[in-house]
Asker: 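Sharing a structure, written as structure tokens. Questions coming.
None of the values given here were measured: they were computed from a predicted structure. Numbered from 1 within each chain, the chains take letters A, B, ... in sequence-line order.
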There are 2 protein chains.
Amino acid sequence: MATMTSADLRVHNRVRLLRAVHDAPAPPTRASVARRLAIGRNTAGTLVGELERARLLREVPAASTGRGRPTTLLLPHPEGPLAFAVDVREDSWTLAQMSLGGELTELESGEHDRTPAVFTQVGEAVARHATDRLAAVGIAIAGPIRDGRRLHISHLDWDEVDLDEHLDRAWPATVVDNDARLAGLAEARRGVLRGVGTAMHFHIDFDIGGTLLLAGDAQTGAHNIAGEFGHMPLTGSPLRCMCGAVGCWSLDVGVNALVRRFGGPPGYGAGRRLGREVLRRAAEGDAAAASAIDDNAVALGRGLGALSNALDPEAIGLSGLGVELIRLRRGLIEETCAAGLMAFRRAEAPRIVAGTVGEIGPLTGAAEIAFDAVLTPEWLRTRF
Amino acid sequence: MATMTSADLRVHNRVRLLRAVHDAPAPPTRASVARRLAIGRNTAGTLVGELERARLLREVPAASTGRGRPTTLLLPHPEGPLAFAVDVREDSWTLAQMSLGGELTELESGEHDRTPAVFTQVGEAVARHATDRLAAVGIAIAGPIRDGRRLHISHLDWDEVDLDEHLDRAWPATVVDNDARLAGLAEARRGVLRGVGTAMHFHIDFDIGGTLLLAGDAQTGAHNIAGEFGHMPLTGSPLRCMCGAVGCWSLDVGVNALVRRFGGPPGYGAGRRLGREVLRRAAEGDAAAASAIDDNAVALGRGLGALSNALDPEAIGLSGLGVELIRLRRGLIEETCAAGLMAFRRAEAPRIVAGTVGEIGPLTGAAEIAFDAVLTPEWLRTRF
DNA sequence: CATGTTATGTTCTTGCCCGGAACAAAATGT
DNA sequence: ACATTTTGTTCCGGGCAAGAACATAACATG
């Protein structure tokens, strides 16, 4: 709750208005935003006028919907700020841009050599596409990012890579976060978890990562490394995990569990292929594959039940392999989840839902945190 | 982010000022509050004057601390609002009052018959002490409270008791919450977790309950039943828990685990005595008792490590039996916690700290949530 | 003991903000 | 053609916090 003078009030309302435009599922009208924010038509007129002169919004006549004087649609200004989003996966990366309102456009993608040199590569791509419209960059990385800079990515053998040493000083304002958390944030802002007050989201890839989502924001923890739900001993596995702990949930859920089961080849590209292969064989009736999928679903459900007792979500989103598991084994997941719930919770169990943002979840989330840095009083002040 | 007119600004700042007085560890001076809120001395003067006329604050000359014109101390007004707090335990209850600033005074206590009739009893006690200063009542109850009204308390055999049927219509504004969560809230507001951005707190009694504390607020979940961390399968127990799930952490941590180990008598009063007895015998060198304490500490540490991976707290508070466990077995708890942490977290493990609020934690937390209902623009408007 | 220093309180002015009222404008419905 | 509905626009009024200047009450210094 920051200090407020009457001048700050204007800034505050400008931010609210821009945030309303950004968060709307479709471009809203000036009149609807005024109603939504509970401000007068006169005030809305003033605010929109200022934001248009600041090249943040553009007004175009709206198609009339009935009686009454027609109003205008609020669109991002053609010279308005853009957020860049980068998704750094285990062997490739993608660069995209998002404009106010959430429209995402892919700009470029590439492979990388699994060393931090990828950041130089990405930096060059950013420089190629950057214009003076670029306001902030968000980066999604498949691993924990302590304090927003120190990377510990076991599957790339990055133990404590300091991001600041790899981001050129010429980089624009940059925020970095974990891909699973950003996938969850994307669902909370623009997907199936929109409007849910308390939600959990899990992104299931090789292992399982996730985030607690409260009122559309992802919980980060004290060192920005919250969300490693996959490294809790929820399913009784006796194995030691490569994270250093024993019995991690991730040993039983995700592609790695399938790879271990079928003695597949190591290596992440190969593992991903094997994962798809197992899904395909299960669909064709292969009993061993089906049983592996069953085990994955059961382990997933057990963990979801346990975590629901602790965090009481209204809904649980799943992405990555989780979408397939819901499609193939919804009943099994829900049953095992219910079995893990305290009895009195079972009547009102959390909804388990498949993410709707899809593979661009991390990219979308990265763009959202970049915009979060833009839609602030501080940034807005630079524009006036 | 609510609507704001310039008139709301004044209300907003009145709330901020009162909140600053309430949250301060000791009565603050007018000048210090002005600095803290970053408002001018003139504005502070106006605000304090208004709040004094509204019988919310009283100003008394402050002892001078050095050079400069002496300022005034901001104290609760002698006719100002009071919050009542009730702690309903398994066989007894306590009623206390809190004034602005956090001073807690016990008013009355009693036994009860383990039926919801306790609420009638408590209601009569509240009526005995209520004056027109009473602004809100907070109640702490040892069990989950779904949606703030439906109670599921297994050890009292309350399956789905509707609180609204037992709270007389004449009751003042009342908020109800779980005792473990409120104990954590008390530590976050007035105890060892004050100022910690992300914290977990666990109240260890017969079993273990807790809460995630974010910026001094307790996470409630979608149905107000978050925090049942004790009902996650974190320690590999094969037993079925009376909650309906299997392998709950609470089966291995808390007084119930000691009772089961020593085949002690059922019943909560007896269990509590046995718990103290085991602690005493362990202190006297009894090997079986010491081993039981060890097992409790090990199970506690394992769970804390697992949960820290997921939630990344800066500090973990413990109350109830947890205070004794820290005193007797800090090393063991920290070791097993570290073993459950992902390796890269071990260098910066969460601090494990004993609560400092003590047995009045639930009562203090209940008073805090009652004051939370008072220190709002809405309530304040009724006072002007 | 007189004077300077420091921190705070008080008063007045100024710039800004939002809401409300009244009116204008642009569409639909009859 | 005219009423109705919804929105945009203009102007005014009440209100707020900041800043400057001054007043005040303590301590510090010699």
Asker: Is the phosphate of C:dC18, meaning OP1 or OP2, less than 4.0 Å from a side-chain N or O of A:Thr43?
Answerer: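 Checking C:dC18 against A:Thr43, no side-chain N or O comes under 4.0 Å of OP1 or OP2.
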Asker: Decide, yes or no, whether a salt bridge links A:Arg14 with A:Asp8 under the criterion of side-chain N to carboxylate O below 4.0 Å.
Answerer: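 Salt bridge between A:Arg14 and A:Asp8, a charged N being under 4.0 Å from a carboxylate O: no.
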Asker: Let me know the distance between CD of A:Glu52 and P of D:dG8, rounded to the nearest Å.
Answerer: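 From A:Glu52 CD to D:dG8 P: 13 Å.
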Asker: Whole angstrom is fine here: how far is it from CZ in B:Phe384 over to C1' in D:dC16?
Answerer: 15 Å
Asker: With a 4.5 Å heavy-atom cut-off, do A:Met98 and A:Thr364 have their side chains touching?
Answerer: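 Side-chain contact under 4.5 Å: yes.
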Asker: Between A:Gly40 and A:Gly66, just flag the one whose closest nucleotide in DNA chain C comes earlier from the 5' side.
Answerer: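 Of the two residues, A:Gly40 wins.
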Asker: Check step by step if side chain to side chain contact (heavy atoms under 4.5 Å, CB included) holds for A:Leu47 and A:Ile39.
Answerer: CA-CA 10 Å; A:Leu47 288 171; A:Ile39 60 180; 3.8 Å; yes
Asker: Could you state the CG-C1' distance from B:Asn42 to D:dA21, rounded to the nearest angstrom?
Answerer: 12 Å
Asker: Would one find a side-chain N or O of A:Thr5 under 4.0 angstrom from OP1 or OP2 of D:dC16?
Answerer: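 Indeed not, no polar side-chain atom of A:Thr5 lies that close.
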Asker: Side chain of A:Leu9 only, heavy atoms from C-beta on: which candidate in C:dC18, C:dT8, D:dA28 is closest?
Answerer: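 Output: C:dC18.
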Asker: What's the closest nucleotide to the side chain of B:Arg67 if the choices are C:dG4, D:dT7, D:dA18?
Answerer: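 When the side chain of B:Arg67 is considered, C:dG4 is the closest of C:dG4, D:dT7, D:dA18.
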Asker: Between the main-chain N or O of B:Ala226 and the side-chain N or O of B:Arg181, is there a donor-acceptor pair closer than 3.5 Å?
Answerer: yes
Asker: On DNA chain D, check which nucleotide each of A:Ser6 and A:Thr46 is closest to and give me the residue with the more 5' one.
Answerer: A:Thr46
Asker: Side chains of B:Val48 and B:Val33: closer than 4.5 Å at any heavy-atom pair?
Answerer: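 They are not in contact (no side-chain heavy atoms under 4.5 Å apart), so the answer is no.
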Asker: To the nearest angstrom, how far is A:Leu73 atom CG from D:dT7 atom P?
Answerer: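 So the two atoms are 13 Å apart, to the nearest Å.
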Asker: Can you see if the side chain of A:Arg35 gets near the phosphate of D:dT7 - specifically, an N or O under 4.0 Å from OP1 or OP2?
Answerer: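 Indeed, a polar side-chain atom of A:Arg35 lies that close.
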Asker: In this structure, how many angstroms lie between the P atom of C:dC16 and the CG atom of B:Asp8, rounded?
Answerer: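 It is 21 Å, rounded to the nearest whole Å.
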Asker: Using whole Å, what does the distance between atom C1' of nucleotide C:dA7 and atom CZ of B:Arg69 come to?
Answerer: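 Distance check: B:Arg69 CZ to C:dA7 C1' gives 10 Å.
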Asker: Without decimals, in angstroms, what is the distance between B:Leu47 CG and C:dG9 P?
Answerer: 13 Å
Asker: With respect to the phosphate group of D:dT9, does any side-chain polar atom (N or O) of A:Arg30 fall under 4.0 Å of OP1 or OP2?
Answerer: yes
Asker: Using a 4.0 Å heavy-atom cut-off, does B:Gly45 contact any base of the nucleic acid, only the sugar-phosphate backbone, or nothing at all?
Answerer: nothing
Asker: Identify, between A:Ser64 and B:Ala31, the residue whose nearest nucleotide on DNA chain C lies closer to the 5' end.
Answerer: B:Ala31
Asker: Please verify the inter-ring angle class for A:His22 with A:Phe371; under 30° counts as parallel, over 60° as perpendicular, anything in between as tilted.
Answerer: tilted
Asker: When all nucleic acid strands are considered with a 4.0 Å heavy-atom cut-off, which category describes A:Thr71: base, sugar-phosphate, or nothing?
Answerer: sugar-phosphate
Asker: Remember a base hit wins even if backbone is also touched, and classify B:Arg41 as base, sugar-phosphate or nothing at under 4.0 Å, heavy atoms.
Answerer: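 B:Arg41: base contact, heavy atoms under 4.0 Å.
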Asker: Can you check whether B:Asn13 has a side-chain N or O nearer than 4.0 Å to OP1 or OP2 of D:dC16?
Answerer: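 So the side chain of B:Asn13 is outside the cut-off, no N or O lying under 4.0 Å from OP1 or OP2 of D:dC16.
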Asker: Check the distance between D:dA17's P and B:Leu37's CG and give it to me in whole angstrom.
Answerer: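 Value for this atom pair: 12 Å.
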Asker: Is the phosphate of C:dC17 approached by A:Arg10 (side-chain N or O, under 4.0 Å from OP1 or OP2)?
Answerer: yes
